[in-house]
Amino acid sequence: MKFFELTFIVEDSQEERLAALAKRFGKVNGWGEKDILQFAVAAVHKAEIEAKLDFLENVIEGMEKGAIKWN
């Protein structure tokens, strides 16, 4: 098993929702924004990782064929 530290970019209404959720979780169990995002990632990670790997396979295949340029 490998561990990675990633950055999540949260914008606009998502930022407001995250802050509100963190406030609610903070009252119940002391979790902040980072804690609740980590919890969510761990809870649904298998399906998300599969989707990301599928995406990356499609991107690299397109790059190898010259159909996709990404810099």
Please tabulate, for the side chains in residues 30-48, all donor-acceptor contacts under 3.5 angstrom to protein atoms that are two or more places apart in sequence or on a different chain.
from: D35; atom 1: OD2; to: G32; atom 2: N; distance (Å): 2.8
from: H45; atom 1: ND1; to: A42; atom 2: O; distance (Å): 3.0

Practice task
Flag yes if L53 and I60 sit in one hydrophobic cluster, no otherwise; membership is Ile, Leu, Val, Met, Phe, Trp, Tyr, and two members link when side-chain heavy atoms are under 4.5 Å apart.
Solution key: no

Practice task
Give a yes or no on whether F55 and I49 share a hydrophobic cluster (residues Ile, Leu, Val, Met, Phe, Trp, Tyr; joining criterion: side-chain heavy atoms under 4.5 Å apart).
Solution key: no

Exercise for the section: Mind checking ring-ring contact (aromatic ring centres under 6.0 Å, His included) for F8 and listing every partner two or more places apart, or none if nothing turns up? Expected result: none

Completion exercise
Contacts of F4 meeting side-chain contact (heavy atoms from CB on, under 4.5 Å) (sequence neighbours excluded), chain-then-number -> K2, L6

Problem - Nearest-0.5 Å distance, CG of residue D12 to CZ of residue R17 - result: 12.5 Å

